[in-house]
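Okay, so here's the structure we're looking at.
Reckoned from all heavy atoms, side chains included, excluding hydrogens, waters and symmetry mates.
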Amino acid sequence: MNQKVPKIVGEFNTIPENLPADGQLKLIFQPIDMTTYWRRCGLTANFVAGFYSYCYEASDAKANSLSTIINELLENASKFSKAREGRINVELKHYGNLLKIDVLNVASKNLRESFESFVNKLMAENVEELYFSTLETKEDGDTKSGLGLLMMLKDYPVRFGYSFNEIDADTHEITVRAIINVEEI
């Protein structure tokens with residue numbers, strides 16, 4: 001089987017893969033577990049945020065910000081994954097004041113193409129303008145508007161990178177990487 005090279009977008013390679021982390025945490029979920037019991041996204045986000053934020057000044061404020069970011073990443077990965085065949089891998093690595101969060105999910109070709117198109121739009125347009133235009137045109141119940149990712153880009157000092165990897169014709173791994181300087185949130 002020919003291994004395809006993942007398509008990388010944004011600030012995915014800001015932290016070298018071979019740089020040793022000060023600490024790390026890995027979690028694996030099935031998307032069906034998260035979407036069936038939606039509160040698990042928030043509970044997981046709160047746990048991970050508390051795990052990493054306790055060592056910083058104003059840790060309650062940092063924990064809240066980290067929880068919001070992690071929750072949004074988990075919810076998106078859960079919504080846009082193959083429900084039963086998929087998986088969500090969450091890997092957090094701590095480098096001093098930097099926290100690298102990788103959220104990998106397995107999606108269909110259509111979901112990958114839709115998200116990749118959205119990411120390309122994010123890279124090309126003004127985030128603040130895109131946020132408000134999306135807010136104005138979003139219909140009630142629309143869960144695929146991208147508003148959560150736009151909110152994170154607009155409201156938090158997070159740098160994002162994306163990796164798109166085709167496993168087979170209808171199985172694609174998508175990794176959203178968030179890099180956060182915890183002192184800035």
Side-chain angles (χ1 to χ4, degrees), residues 1-21 24-45 47-48 69-95 99-125 127 130 134 138-139 141-153 158-180:
M1 181 175 162
N2 286 342
Q3 182 70 21
K4 298 195 180 207
V5 176
K7 180 178 180 185
I8 304 297
V9 179
E11 298 192 46
F12 198 82
N13 293 319
T14 300
I15 298 174
E17 293 297 324
N18 62 352
L19 183 66
Q24 73 178 28
L25 176 67
K26 292 182 182 183
L27 304 166
I28 300 172
F29 304 102
Q30 283 189 278
I32 193 77
D33 288 335
M34 301 306 260
T35 56
T36 302
Y37 305 102
W38 204 244
R39 285 195 40 169
R40 287 182 175 176
C41 290
L43 292 170
T44 304
F47 163 73
V48 172
I69 294 165
I70 294 165
N71 186 65
E72 191 61 41
L73 293 171
L74 289 175
E75 286 182 356
N76 284 343
S78 299
K79 282 190 291 193
F80 300 113
S81 289
K82 290 184 169 187
R84 293 192 186 277
E85 315 83 53
R87 71 183 185 291
I88 299 170
N89 291 356
V90 180
E91 182 177 48
L92 298 99
K93 289 187 176 181
H94 184 232
Y95 304 90
L99 184 61
K100 179 176 81 171
I101 306 168
D102 283 351
V103 180
L104 178 146
N105 66 305
V106 177
S108 68
K109 180 180 181 180
N110 287 341
L111 284 173
R112 179 233 170 116
E113 288 173 347
S114 175
F115 185 62
E116 191 172 354
S117 174
F118 179 72
V119 165
N120 289 331
K121 191 175 183 178
L122 281 176
M123 303 302 285
E125 296 186 24
V127 170
L130 191 55
T134 302
K138 182 181 182 298
E139 295 180 20
D142 179 8
T143 61
K144 297 182 180 183
S145 66
L147 203 53
L149 188 54
L150 285 165
M151 178 269 306
M152 285 190 290
L153 285 164
V158 181
R159 295 176 289 170
F160 283 100
Y162 312 88
S163 172
F164 300 93
N165 189 21
E166 180 180 335
I167 304 303
D168 63 42
D170 198 44
T171 305
H172 296 257
E173 290 180 342
I174 300 170
T175 302
V176 176
R177 176 170 289 169
I179 300 171
I180 304 164

- Heavy-atom distance under 4.5 Å between the side chains of Ile88 and Leu27, does that happen here?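 The answer is no; the side chains never approach within 4.5 Å.
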[X]: partners by salt bridge (charged side-chain N to carboxylate O under 4.0 Å, His left out), with sequence neighbours left out:
| X | result |
| --- | --- |
| Lys121 | none |
| Glu173 | Arg87 |
| Glu75 | none |

What residues form a side-chain hydrogen bond (donor to acceptor under 3.5 Å, both in side chains) with [X], not counting sequence neighbours?
| X | result |
| --- | --- |
| Glu125 | none |
| Thr171 | Lys82, Asp168 |
| Arg112 | Glu116, His172 |

- Of the non-hydrogen atoms in Val158 and Leu153, which two are nearest, and what is the gap between them?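 Looks like O-CD2, 4.2 Å.
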- Message: Under the salt bridge (charged side-chain N to carboxylate O under 4.0 Å, His left out) test against Glu166, which residue among Lys4, Lys7, Lys109 passes?
- Response: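 For Glu166, the salt bridge (charged side-chain N to carboxylate O under 4.0 Å, His left out) test succeeds with only one of Lys4, Lys7, Lys109, which is Lys4.
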- Task: Show your reasoning for whether side chain to side chain contact (heavy atoms under 4.5 Å, CB included) applies to Thr44 and Phe29.
- Result: CA-CA 11 Å; Thr44 304; Phe29 304 102; 3.4 Å; yes
For [X], check side-chain contact (heavy atoms from CB on, under 4.5 Å) against everything at least two apart and list the hits.
| X | value |
| --- | --- |
| Ile8 | Pro6, Phe12, Asn13, Ser163 |
| Ala107 | Asn105, Leu111, Ile174 |
| Asn18 | Pro16 |
| Tyr95 | Ile15, Leu19, Ala21, Lys93, Leu98, Lys100 |

- Should Arg177 and Asp102 count as an ion pair when the cut-off is N to O under 4.0 Å?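 Looking at Asp102 together with Arg177, the answer is yes, because their closest N to O distance falls below 4.0 Å.
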- Message: Would you call the rings of Phe164 and Phe115 parallel, tilted or perpendicular, taking 30° and 60° as the class edges?
- Response: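 Rings of Phe164 and Phe115: tilted, as their planes differ by 30° to 60°.
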